[in-house]
Amino acid sequence: MEAKRKSAHQLAREIGNGQNTARRLTEEGLKRCKNLNASLNTFTFIAENEALEQAKRVDKMIAAGEELPLAGVPLAVKDDFCCSGLPASLGSAAFKNFVSPYSAAAVEALLEAGCVLIGKTNLDDMGMGSSTLSSPFGPSLNPWSTEYAAGSAGAAAVSSGQCLLSLESDTGGALRLGASHCGIFGLRPTPGRISRYGLSAFSSSFSQAGIAAANPEDIGVALEVLSGFDERDVSTVLCRELPQEKEKDIDPGTITIGVWDGDGDRQSSANRDLISQTGEKFRQGDFKISEISLELFQETLRAYYIVAFAEASSNLSRYDGIRFGEAAAARNLDELYEQSRRCTFGKEARRRSIFGTVLLGKDRFEPYYRQALKIRRLFQEEMARVFKQCDLLLLPVVKNLAPLIGREAGFIDQYEEDYYTAPISLAGLPALSLPAGTIENMPVGLQLVGPPLADDLILKVAAGIAEGLSIPPIAVRPGRDS
Ligand code: GLN
(Lines give C-alpha, C1' and ligand atoms only; values in the text may rest on other atoms or scores of the structure.)
Protein backbone atom coordinates (compact mmCIF):
# COMPACT_ATOMS: atom_id res chain seq x y z
CA MET A 1 0.00 0.00 0.00
CA GLU A 2 1.45 3.29 -1.09
CA ALA A 3 -0.19 4.90 1.92
CA LYS A 4 2.17 3.01 4.19
CA ARG A 5 5.15 5.19 3.30
CA LYS A 6 3.21 8.41 3.83
CA SER A 7 1.87 10.01 6.92
CA ALA A 8 -1.90 10.30 7.30
CA HIS A 9 -1.86 14.09 7.09
CA GLN A 10 0.26 14.03 3.89
CA LEU A 11 -2.04 11.50 2.32
CA ALA A 12 -5.14 13.51 3.25
CA ARG A 13 -3.54 16.56 1.64
CA GLU A 14 -2.86 14.65 -1.59
CA ILE A 15 -6.44 13.46 -1.73
CA GLY A 16 -7.67 16.93 -0.84
CA ASN A 17 -5.83 18.57 -3.72
CA GLY A 18 -6.79 15.90 -6.24
CA GLN A 19 -3.37 14.21 -6.61
CA ASN A 20 -4.87 10.94 -5.44
CA THR A 21 -8.29 9.44 -4.80
CA ALA A 22 -9.64 7.73 -1.73
CA ARG A 23 -11.15 5.06 -3.96
CA ARG A 24 -7.81 4.08 -5.51
CA LEU A 25 -6.00 4.02 -2.20
CA THR A 26 -8.74 2.03 -0.52
CA GLU A 27 -8.74 -0.62 -3.23
CA GLU A 28 -4.97 -1.02 -2.92
CA GLY A 29 -5.13 -0.89 0.86
CA LEU A 30 -7.79 -3.57 1.13
CA LYS A 31 -5.73 -5.96 -0.96
CA ARG A 32 -2.74 -5.44 1.25
CA CYS A 33 -4.83 -5.82 4.40
CA LYS A 34 -6.28 -9.12 3.32
CA ASN A 35 -2.86 -10.50 2.43
CA LEU A 36 -1.27 -9.42 5.69
CA ASN A 37 -4.25 -10.48 7.75
CA ALA A 38 -3.67 -14.05 6.68
CA SER A 39 -0.32 -14.03 8.48
CA LEU A 40 -0.92 -11.51 11.28
CA ASN A 41 -4.56 -12.06 12.29
CA THR A 42 -4.93 -8.37 13.10
CA PHE A 43 -8.52 -7.94 11.94
CA THR A 44 -11.60 -9.67 13.30
CA PHE A 45 -13.54 -8.23 10.38
CA ILE A 46 -12.47 -6.47 7.18
CA ALA A 47 -15.19 -4.04 6.11
CA GLU A 48 -14.53 -4.21 2.37
CA ASN A 49 -17.88 -2.97 1.02
CA GLU A 50 -18.30 -0.28 3.64
CA ALA A 51 -14.72 0.94 3.05
CA LEU A 52 -15.28 1.26 -0.69
CA GLU A 53 -18.58 3.08 -0.12
CA GLN A 54 -16.96 5.51 2.31
CA ALA A 55 -14.05 6.09 -0.11
CA LYS A 56 -16.56 7.00 -2.84
CA ARG A 57 -18.31 9.38 -0.44
CA VAL A 58 -15.01 11.04 0.47
CA ASP A 59 -14.04 11.53 -3.19
CA LYS A 60 -17.44 13.08 -3.86
CA MET A 61 -17.12 15.47 -0.92
CA ILE A 62 -13.64 16.51 -2.02
CA ALA A 63 -14.93 17.07 -5.57
CA ALA A 64 -17.66 19.28 -4.06
CA GLY A 65 -14.96 21.42 -2.46
CA GLU A 66 -15.20 20.15 1.14
CA GLU A 67 -12.09 20.12 3.31
CA LEU A 68 -11.54 16.93 5.25
CA PRO A 69 -8.53 16.75 7.60
CA LEU A 70 -8.27 12.97 7.27
CA ALA A 71 -9.58 12.48 3.71
CA GLY A 72 -9.11 8.87 2.61
CA VAL A 73 -6.96 7.88 5.59
CA PRO A 74 -7.24 4.12 6.20
CA LEU A 75 -8.45 3.55 9.75
CA ALA A 76 -8.60 0.45 11.95
CA VAL A 77 -10.97 0.38 14.93
CA LYS A 78 -10.56 -1.91 17.93
CA ASP A 79 -13.42 -4.33 18.26
CA ASP A 80 -14.63 -2.88 21.55
CA PHE A 81 -15.95 0.20 19.71
CA CYS A 82 -19.35 0.06 18.04
CA CYS A 83 -19.58 0.86 14.32
CA SER A 84 -23.07 0.95 12.87
CA GLY A 85 -23.83 -2.13 10.74
CA LEU A 86 -20.53 -3.87 11.57
CA PRO A 87 -19.83 -6.72 13.96
CA ALA A 88 -18.61 -5.81 17.45
CA SER A 89 -17.34 -8.91 19.24
CA LEU A 90 -16.08 -6.96 22.29
CA GLY A 91 -13.60 -9.80 22.60
CA SER A 92 -16.25 -12.34 23.55
CA ALA A 93 -17.05 -15.52 21.64
CA ALA A 94 -20.72 -14.90 22.50
CA PHE A 95 -20.76 -11.64 20.51
CA LYS A 96 -19.07 -12.94 17.37
CA ASN A 97 -22.35 -12.48 15.48
CA PHE A 98 -23.46 -9.27 17.17
CA VAL A 99 -23.90 -6.39 14.71
CA SER A 100 -23.87 -2.96 16.27
CA PRO A 101 -26.92 -0.77 15.59
CA TYR A 102 -25.04 2.50 16.16
CA SER A 103 -21.56 4.02 15.98
CA ALA A 104 -19.32 5.17 18.80
CA ALA A 105 -18.87 8.95 18.98
CA ALA A 106 -15.14 8.59 18.17
CA VAL A 107 -15.89 6.47 15.10
CA GLU A 108 -18.48 9.00 13.88
CA ALA A 109 -15.98 11.84 14.29
CA LEU A 110 -13.21 10.06 12.37
CA LEU A 111 -15.54 9.11 9.52
CA GLU A 112 -16.82 12.68 9.31
CA ALA A 113 -13.20 13.84 9.04
CA GLY A 114 -12.79 11.61 5.98
CA CYS A 115 -11.26 8.41 7.38
CA VAL A 116 -12.00 5.15 5.61
CA LEU A 117 -12.73 2.40 8.11
CA ILE A 118 -10.91 -0.70 6.87
CA GLY A 119 -11.96 -3.05 9.64
CA LYS A 120 -12.22 -4.02 13.30
CA THR A 121 -9.11 -5.17 15.14
CA ASN A 122 -8.59 -8.04 17.52
CA LEU A 123 -8.52 -7.75 21.34
CA ASP A 124 -8.24 -9.80 24.51
CA ASP A 125 -11.16 -11.39 26.33
CA MET A 126 -13.54 -8.40 26.70
CA GLY A 127 -10.55 -6.07 26.39
CA MET A 128 -9.00 -7.46 29.57
CA GLY A 129 -5.37 -7.81 28.68
CA SER A 130 -2.52 -6.33 26.69
CA SER A 131 -1.42 -9.22 24.51
CA THR A 132 -4.38 -10.47 22.37
CA LEU A 133 -3.45 -13.96 23.62
CA SER A 134 -6.86 -14.41 25.27
CA SER A 135 -8.87 -13.38 22.19
CA PRO A 136 -11.57 -15.80 21.04
CA PHE A 137 -10.22 -15.16 17.53
CA GLY A 138 -6.71 -16.35 18.45
CA PRO A 139 -3.70 -14.08 18.95
CA SER A 140 -2.55 -11.32 16.61
CA LEU A 141 1.07 -11.70 15.60
CA ASN A 142 3.76 -9.07 15.74
CA PRO A 143 4.86 -7.83 12.30
CA TRP A 144 8.44 -7.44 13.60
CA SER A 145 8.58 -11.16 14.26
CA THR A 146 5.62 -13.47 14.15
CA GLU A 147 7.11 -15.40 17.05
CA TYR A 148 5.80 -12.65 19.32
CA ALA A 149 2.29 -11.40 20.05
CA ALA A 150 1.31 -7.98 18.70
CA GLY A 151 0.22 -6.70 22.11
CA SER A 152 -2.32 -4.54 20.35
CA ALA A 153 -3.69 -5.67 16.98
CA GLY A 154 -4.35 -2.04 15.98
CA ALA A 155 -0.70 -1.19 16.62
CA ALA A 156 0.33 -4.16 14.48
CA ALA A 157 -2.02 -2.93 11.73
CA VAL A 158 -0.32 0.49 11.75
CA SER A 159 3.18 -0.96 11.99
CA SER A 160 2.63 -3.36 9.08
CA GLY A 161 1.02 -0.63 6.93
CA GLN A 162 -2.48 -2.13 6.95
CA CYS A 163 -3.77 1.27 8.04
CA LEU A 164 -2.38 4.69 8.99
CA LEU A 165 -4.48 5.35 12.06
CA SER A 166 -5.93 3.07 14.65
CA LEU A 167 -8.64 3.92 17.16
CA GLU A 168 -7.77 2.05 20.32
CA SER A 169 -8.84 1.65 23.89
CA ASP A 170 -6.40 1.83 26.77
CA THR A 171 -7.39 0.84 30.29
CA GLY A 172 -4.17 -0.03 32.05
CA GLY A 173 -1.81 0.12 29.09
CA ALA A 174 -3.02 -2.03 26.15
CA LEU A 175 -2.48 0.76 23.61
CA ARG A 176 0.85 1.94 25.03
CA LEU A 177 2.27 -1.56 25.43
CA GLY A 178 1.12 -2.54 21.93
CA ALA A 179 2.61 0.62 20.40
CA SER A 180 5.89 -0.19 22.14
CA HIS A 181 5.88 -3.82 20.96
CA CYS A 182 5.16 -2.76 17.36
CA GLY A 183 7.51 0.25 17.10
CA ILE A 184 4.93 3.02 16.65
CA PHE A 185 3.39 5.92 18.61
CA GLY A 186 0.32 5.49 20.83
CA LEU A 187 -1.45 8.20 22.81
CA ARG A 188 -3.64 7.61 25.84
CA PRO A 189 -5.12 11.11 26.15
CA THR A 190 -6.27 12.91 29.27
CA PRO A 191 -9.49 11.21 30.42
CA GLY A 192 -12.40 13.20 29.02
CA ARG A 193 -10.73 14.46 25.85
CA ILE A 194 -12.33 11.79 23.66
CA SER A 195 -15.92 10.65 24.14
CA ARG A 196 -16.31 7.04 25.21
CA TYR A 197 -19.87 6.80 23.98
CA GLY A 198 -20.07 3.49 22.12
CA LEU A 199 -16.90 2.04 23.66
CA SER A 200 -17.43 -1.10 25.69
CA ALA A 201 -15.31 -0.03 28.67
CA PHE A 202 -14.68 -2.74 31.24
CA SER A 203 -13.39 -0.21 33.75
CA SER A 204 -15.40 2.99 33.96
CA SER A 205 -12.68 5.10 35.49
CA PHE A 206 -9.68 3.76 33.55
CA SER A 207 -10.81 2.75 30.05
CA GLN A 208 -10.17 5.52 27.54
CA ALA A 209 -10.18 5.93 23.78
CA GLY A 210 -6.73 6.51 22.30
CA ILE A 211 -4.92 6.70 18.98
CA ALA A 212 -2.03 4.83 17.39
CA ALA A 213 -0.09 6.06 14.36
CA ALA A 214 3.39 5.96 12.86
CA ASN A 215 4.18 9.56 13.86
CA PRO A 216 3.07 12.08 16.51
CA GLU A 217 1.75 14.62 13.96
CA ASP A 218 -0.91 12.19 12.73
CA ILE A 219 -1.99 11.57 16.31
CA GLY A 220 -2.25 15.35 16.75
CA VAL A 221 -4.57 15.70 13.73
CA ALA A 222 -6.73 12.80 14.93
CA LEU A 223 -6.86 14.17 18.49
CA GLU A 224 -8.10 17.51 17.21
CA VAL A 225 -10.84 15.73 15.28
CA LEU A 226 -11.77 13.53 18.24
CA SER A 227 -11.55 15.91 21.13
CA GLY A 228 -14.64 17.79 22.18
CA PHE A 229 -17.68 17.90 24.42
CA ASP A 230 -20.21 15.11 23.84
CA GLU A 231 -23.37 15.19 25.92
CA ARG A 232 -23.45 11.37 25.78
CA ASP A 233 -20.24 11.15 27.85
CA VAL A 234 -20.25 13.47 30.84
CA SER A 235 -16.47 13.21 31.33
CA THR A 236 -15.98 15.23 28.14
CA VAL A 237 -17.26 18.33 29.94
CA LEU A 238 -13.53 18.88 30.46
CA CYS A 239 -13.23 19.83 26.79
CA ARG A 240 -15.26 22.95 27.48
CA GLU A 241 -12.27 24.22 29.46
CA LEU A 242 -9.76 23.64 26.68
CA PRO A 243 -8.07 26.79 25.45
CA GLN A 244 -9.52 27.87 22.09
CA GLU A 245 -6.14 28.96 20.84
CA LYS A 246 -3.90 26.19 19.61
CA GLU A 247 -0.59 25.80 21.39
CA LYS A 248 2.12 27.65 19.50
CA ASP A 249 5.45 26.14 18.56
CA ILE A 250 7.36 25.10 21.62
CA ASP A 251 10.67 26.47 22.81
CA PRO A 252 12.67 23.43 24.01
CA GLY A 253 14.82 25.60 26.27
CA THR A 254 11.77 26.29 28.44
CA ILE A 255 10.74 22.65 28.78
CA THR A 256 12.08 20.28 31.41
CA ILE A 257 11.85 16.54 30.87
CA GLY A 258 11.93 14.60 34.12
CA VAL A 259 13.73 11.27 34.22
CA TRP A 260 13.07 8.86 37.04
CA ASP A 261 16.16 8.36 39.15
CA GLY A 262 15.36 4.66 39.25
CA ASP A 263 13.11 2.18 40.98
CA GLY A 264 15.58 -0.21 42.47
CA ASP A 265 15.82 -3.52 40.73
CA ARG A 266 12.60 -3.16 38.77
CA GLN A 267 13.92 -0.97 35.97
CA SER A 268 15.88 -3.32 33.75
CA SER A 269 19.27 -2.27 32.47
CA ALA A 270 17.78 -2.26 28.94
CA ASN A 271 15.16 0.27 30.02
CA ARG A 272 17.81 2.34 31.80
CA ASP A 273 19.92 2.42 28.61
CA LEU A 274 16.93 3.46 26.53
CA ILE A 275 16.08 6.24 28.96
CA SER A 276 19.61 7.57 28.96
CA GLN A 277 19.86 7.42 25.12
CA THR A 278 16.51 9.13 24.71
CA GLY A 279 17.37 11.65 27.44
CA GLU A 280 20.48 12.44 25.40
CA LYS A 281 18.32 13.07 22.32
CA PHE A 282 16.23 15.48 24.35
CA ARG A 283 19.39 17.22 25.54
CA GLN A 284 20.64 17.51 21.97
CA GLY A 285 17.26 19.00 21.06
CA ASP A 286 17.94 21.69 23.72
CA PHE A 287 15.38 20.37 26.22
CA LYS A 288 16.33 20.47 29.89
CA ILE A 289 16.60 17.19 31.78
CA SER A 290 16.02 16.77 35.48
CA GLU A 291 16.13 13.71 37.74
CA ILE A 292 12.89 12.97 39.58
CA SER A 293 12.17 10.65 42.51
CA LEU A 294 8.89 8.77 42.77
CA GLU A 295 7.92 7.32 46.14
CA LEU A 296 4.58 5.63 45.55
CA PHE A 297 4.98 4.16 42.09
CA GLN A 298 5.69 0.63 43.36
CA GLU A 299 2.43 0.56 45.34
CA THR A 300 0.19 1.51 42.47
CA LEU A 301 -0.09 -1.59 40.28
CA ARG A 302 -2.00 -3.46 43.00
CA ALA A 303 -4.26 -0.46 43.55
CA TYR A 304 -4.98 -0.33 39.81
CA TYR A 305 -5.96 -4.01 39.73
CA ILE A 306 -8.20 -3.79 42.78
CA VAL A 307 -10.14 -0.87 41.29
CA ALA A 308 -10.11 -2.40 37.78
CA PHE A 309 -11.51 -5.71 39.13
CA ALA A 310 -14.19 -3.94 41.15
CA GLU A 311 -15.28 -1.82 38.19
CA ALA A 312 -15.14 -4.80 35.81
CA SER A 313 -17.40 -6.84 38.09
CA SER A 314 -20.06 -4.14 38.15
CA ASN A 315 -19.78 -3.50 34.38
CA LEU A 316 -19.96 -7.22 33.65
CA SER A 317 -23.07 -7.67 35.77
CA ARG A 318 -25.18 -6.32 32.90
CA TYR A 319 -24.50 -9.54 30.98
CA ASP A 320 -27.29 -11.48 32.65
CA GLY A 321 -28.70 -13.25 29.61
CA ILE A 322 -31.88 -11.16 29.88
CA ARG A 323 -31.01 -7.75 28.49
CA PHE A 324 -27.41 -8.36 27.45
CA GLY A 325 -25.29 -11.40 26.71
CA GLU A 326 -26.02 -14.84 25.39
CA ALA A 327 -29.26 -16.27 26.85
CA ALA A 328 -28.42 -19.80 27.92
CA ALA A 329 -31.03 -22.50 28.45
CA ALA A 330 -31.85 -22.54 32.19
CA ARG A 331 -34.41 -23.87 34.62
CA ASN A 332 -34.44 -20.86 36.95
CA LEU A 333 -33.08 -17.33 37.32
CA ASP A 334 -29.86 -18.26 39.16
CA GLU A 335 -29.06 -20.85 36.56
CA LEU A 336 -29.77 -18.32 33.78
CA TYR A 337 -27.25 -15.86 35.28
CA GLU A 338 -24.69 -18.56 35.81
CA GLN A 339 -24.98 -20.22 32.42
CA SER A 340 -25.26 -16.97 30.49
CA ARG A 341 -22.10 -15.63 32.08
CA ARG A 342 -20.35 -18.93 31.48
CA CYS A 343 -20.91 -18.67 27.73
CA THR A 344 -20.44 -14.88 27.49
CA PHE A 345 -17.21 -14.55 29.49
CA GLY A 346 -13.83 -16.04 28.75
CA LYS A 347 -11.47 -17.09 31.54
CA GLU A 348 -10.18 -13.61 32.34
CA ALA A 349 -13.60 -11.93 32.39
CA ARG A 350 -14.86 -14.69 34.68
CA ARG A 351 -11.89 -14.18 37.00
CA ARG A 352 -12.50 -10.43 37.20
CA SER A 353 -16.22 -10.81 37.70
CA ILE A 354 -15.62 -13.12 40.66
CA PHE A 355 -12.61 -11.30 42.22
CA GLY A 356 -14.30 -7.92 41.77
CA THR A 357 -17.48 -9.08 43.47
CA VAL A 358 -15.45 -10.45 46.38
CA LEU A 359 -13.48 -7.20 46.69
CA LEU A 360 -16.65 -5.15 46.87
CA GLY A 361 -18.15 -7.44 49.53
CA LYS A 362 -18.69 -6.23 53.10
CA ASP A 363 -15.45 -7.60 54.59
CA ARG A 364 -13.09 -6.58 51.84
CA PHE A 365 -14.41 -3.19 50.82
CA GLU A 366 -12.52 -1.26 53.53
CA PRO A 367 -9.19 -3.10 53.60
CA TYR A 368 -8.89 -3.45 49.80
CA TYR A 369 -11.12 -1.21 47.71
CA ARG A 370 -11.04 1.82 50.01
CA GLN A 371 -7.25 1.49 50.48
CA ALA A 372 -6.76 1.29 46.73
CA LEU A 373 -8.72 4.52 46.30
CA LYS A 374 -6.53 6.11 48.96
CA ILE A 375 -3.38 5.07 47.09
CA ARG A 376 -4.89 6.47 43.92
CA ARG A 377 -5.45 9.86 45.54
CA LEU A 378 -2.01 9.96 47.18
CA PHE A 379 -0.34 9.01 43.89
CA GLN A 380 -2.29 11.71 42.04
CA GLU A 381 -1.05 14.21 44.61
CA GLU A 382 2.51 12.96 44.21
CA MET A 383 2.32 13.30 40.43
CA ALA A 384 0.95 16.84 40.79
CA ARG A 385 4.07 17.64 42.85
CA VAL A 386 6.28 15.99 40.21
CA PHE A 387 4.82 18.26 37.53
CA LYS A 388 5.92 21.26 39.55
CA GLN A 389 9.52 20.07 39.06
CA CYS A 390 9.27 19.12 35.39
CA ASP A 391 6.90 19.61 32.45
CA LEU A 392 6.85 16.01 31.22
CA LEU A 393 8.15 12.76 32.61
CA LEU A 394 9.97 10.06 30.64
CA LEU A 395 9.22 6.53 31.88
CA PRO A 396 9.61 2.98 30.59
CA VAL A 397 6.57 1.31 29.00
CA VAL A 398 7.41 -2.37 29.09
CA LYS A 399 9.09 -4.69 31.55
CA ASN A 400 9.67 -7.34 28.89
CA LEU A 401 9.47 -7.87 25.17
CA ALA A 402 6.05 -8.83 23.76
CA PRO A 403 4.81 -12.24 24.96
CA LEU A 404 5.85 -15.20 22.85
CA ILE A 405 3.06 -16.92 20.94
CA GLY A 406 2.10 -20.22 22.47
CA ARG A 407 3.69 -19.46 25.83
CA GLU A 408 1.00 -17.70 27.77
CA ALA A 409 2.22 -16.55 31.19
CA GLY A 410 0.19 -17.01 34.39
CA PHE A 411 -2.28 -14.23 35.09
CA ILE A 412 -0.21 -12.58 37.85
CA ASP A 413 2.78 -12.37 35.51
CA GLN A 414 0.54 -10.87 32.85
CA TYR A 415 -0.66 -8.22 35.30
CA GLU A 416 2.97 -7.41 36.14
CA GLU A 417 3.50 -6.37 32.50
CA ASP A 418 1.42 -3.26 33.28
CA TYR A 419 3.91 -2.19 35.95
CA TYR A 420 4.82 1.06 34.16
CA THR A 421 1.56 1.81 32.37
CA ALA A 422 -1.23 1.10 34.89
CA PRO A 423 -0.02 3.74 37.42
CA ILE A 424 -0.45 6.43 34.77
CA SER A 425 -4.05 5.29 34.24
CA LEU A 426 -4.54 5.31 38.01
CA ALA A 427 -3.35 8.91 38.18
CA GLY A 428 -5.56 9.95 35.22
CA LEU A 429 -2.67 11.38 33.20
CA PRO A 430 -2.05 11.54 29.45
CA ALA A 431 0.86 9.51 28.08
CA LEU A 432 2.41 8.85 24.69
CA SER A 433 4.32 5.67 23.99
CA LEU A 434 7.09 6.48 21.53
CA PRO A 435 9.49 4.12 19.80
CA ALA A 436 12.85 4.49 21.53
CA GLY A 437 15.03 1.67 20.21
CA THR A 438 15.28 -2.07 19.78
CA ILE A 439 16.24 -4.94 22.05
CA GLU A 440 16.96 -8.31 20.43
CA ASN A 441 15.75 -6.81 17.14
CA MET A 442 12.34 -6.03 18.63
CA PRO A 443 11.11 -2.46 19.10
CA VAL A 444 10.80 -1.01 22.59
CA GLY A 445 9.10 2.24 23.53
CA LEU A 446 9.21 4.77 26.34
CA GLN A 447 6.32 6.86 27.57
CA LEU A 448 6.19 10.60 27.81
CA VAL A 449 3.74 11.44 30.59
CA GLY A 450 2.27 14.84 31.35
CA PRO A 451 -0.13 16.56 33.74
CA PRO A 452 -3.84 16.58 32.76
CA LEU A 453 -4.47 18.34 29.43
CA ALA A 454 -0.79 18.26 28.42
CA ASP A 455 -1.66 16.02 25.44
CA ASP A 456 -0.75 18.61 22.82
CA LEU A 457 2.49 19.51 24.55
CA ILE A 458 3.44 15.81 24.72
CA LEU A 459 2.84 15.43 20.98
CA LYS A 460 4.81 18.58 20.15
CA VAL A 461 7.75 17.52 22.30
CA ALA A 462 7.74 14.02 20.80
CA ALA A 463 7.63 15.54 17.31
CA GLY A 464 10.64 17.64 18.27
CA ILE A 465 12.82 14.56 18.59
CA ALA A 466 10.82 12.13 16.42
CA GLU A 467 13.33 12.25 13.56
CA GLY A 468 15.92 10.69 15.79
CA LEU A 469 13.45 8.16 17.19
CA SER A 470 11.31 6.85 14.39
CA ILE A 471 11.64 3.24 13.65
CA PRO A 472 10.19 2.88 10.16
CA PRO A 473 7.02 0.82 9.78
CA ILE A 474 7.77 -2.70 8.77
CA ALA A 475 5.88 -5.23 6.63
CA VAL A 476 6.15 -8.66 8.22
CA ARG A 477 9.12 -10.63 9.48
CA PRO A 478 8.54 -14.32 10.01
CA GLY A 479 9.37 -15.88 13.35
CA ARG A 480 12.10 -18.47 13.72
CA ASP A 481 9.65 -21.34 13.56
CA SER A 482 7.72 -20.24 10.51
N1 GLN B 1 -3.62 -5.34 31.07
C2 GLN B 1 -4.48 -4.35 31.67
C3 GLN B 1 -5.67 -5.02 32.27
O4 GLN B 1 -5.84 -6.16 31.95
C5 GLN B 1 -4.89 -3.32 30.69
C6 GLN B 1 -5.79 -3.78 29.59
C7 GLN B 1 -6.16 -2.67 28.70
O8 GLN B 1 -5.55 -1.61 28.73
N9 GLN B 1 -7.15 -2.91 27.88
O10 GLN B 1 -6.41 -4.46 33.06
Side-chain angles (χ1 to χ4, degrees), residues 77-81 89-92 120-136 139-140 149-156 166-182 186-189 191 194 196 199-212 300-316 345-356 359 372 376 397-400 402-403 408-433 445 447:
V77 173
K78 191 166 167 178
D79 210 16
D80 49 5
F81 285 90
S89 74
L90 320 177
S92 160
K120 306 290 297 289
T121 50
N122 200 10
L123 72 173
D124 282 285
D125 180 15
M126 301 207 107
M128 297 170 181
S130 310
S131 67
T132 68
L133 293 181
S134 66
S135 164
S140 298
S152 143
S166 169
L167 178 65
E168 301 276 313
S169 60
D170 184 294
T171 303
L175 159 61
R176 286 163 286 156
L177 288 157
S180 168
H181 294 321
C182 294
L187 176 74
R188 172 192 169 88
I194 302 182
R196 296 183 297 177
L199 163 66
S200 164
F202 75 81
S203 160
S204 308
S205 68
F206 298 140
S207 299
Q208 293 298 329
I211 314 145
T300 51
L301 182 64
R302 275 171 290 175
Y304 162 84
Y305 268 100
I306 290 170
V307 178
F309 280 3
E311 292 184 355
S313 77
S314 55
N315 277 319
L316 290 170
F345 302 164
K347 221 159 104 188
E348 186 58 29
R350 230 175 285 165
R351 181 179 293 128
R352 294 191 191 205
S353 165
I354 295 168
F355 278 8
L359 283 167
R376 177 185 209 162
V397 179
V398 294
K399 283 188 71 186
N400 297 298
E408 199 169 338
F411 68 95
I412 301 285
D413 288 339
Q414 288 183 36
Y415 299 165
E416 275 284 325
E417 296 297 329
D418 303 320
Y419 180 75
Y420 293 109
T421 51
I424 306 308
S425 306
L426 190 76
L429 304 173
L432 176 78
S433 173
Q447 53 181 338

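We count ligands from 1, going down the list as the structure has it; atoms in each ligand are counted the same way.
In terms of protein heavy-atom proximity, atom 5 (C) of ligand 1 is nearest to Gly172 N, 3.3 Å. Here the protein heavy atom with the shortest distance to atom 10 (O) of ligand 1 is Tyr304 OH, 2.7 Å. Protein heavy atom at the shortest distance from atom 1 (N) of ligand 1 is Asp418 OD2, 2.8 Å. Given atom 4 (O) of ligand 1, the protein heavy atom at minimum distance is Arg352 NH2, 2.7 Å.
Results of the side-chain contact (heavy atoms from CB on, under 4.5 Å) test with Ser180 over Leu175, Val398, Thr421 single out Val398 as the only residue that passes.
Considering backbone and side-chain atoms alike, Ser169 places every N or O at 3.5 Å or more from each N or O of ligand 1.
In summary, the atoms of ligand 1 found under 4.0 Å from a heavy atom of Met128, numbered by their order in the structure, are 4 (O). Annotation for ligand 1: atoms under 4.0 Å from non-hydrogen atoms of Gly173 are 5 (C), 8 (O). Proximity to Gly127 (heavy-atom distance under 4.0 Å) selects the following atoms of ligand 1: 6 (C), 7 (C), 9 (N).
A salt bridge links Asp170 to Arg176: one of the charged nitrogens lies within less than 4.0 Å of a carboxylate oxygen.
Under 4.0 Å from ligand 1, heavy atoms of Ala174 appear from its side chain as well as its backbone. With a 4.0 Å cut-off on non-hydrogen atoms, Tyr415 does not touch ligand 1 at all.
Within the structure, ligand 1 lacks Phe206 among the residues with a heavy atom less than 4.0 angstrom away. Within the 4.0 Å heavy-atom cutoff, Gly129 counts among the residues contacting ligand 1.
For the residue pair Ser135 and Asn122, a side-chain donor N or O sits within less than 3.5 Å of a side-chain acceptor on the partner. Between Lys78 and Ser169, the side chains place a donor N or O and an acceptor N or O closer than 3.5 Å (distance only, hydrogens not considered).
For Arg350, the CZ atom counts as densely surrounded, since its 6.0 Å shell holds more than 12 non-hydrogen atoms of other residues, nucleotides or ligands.
Here the two rings, on Phe309 and Phe202, have centers that are 6.0 Å apart or farther.
Under the 3.5 Å distance criterion, the side-chain polar atoms of Lys120 are matched with a main-chain donor or acceptor of Phe81. Side chain of Asp124 to backbone of Leu133: a donor-acceptor contact under 3.5 angstrom is found.
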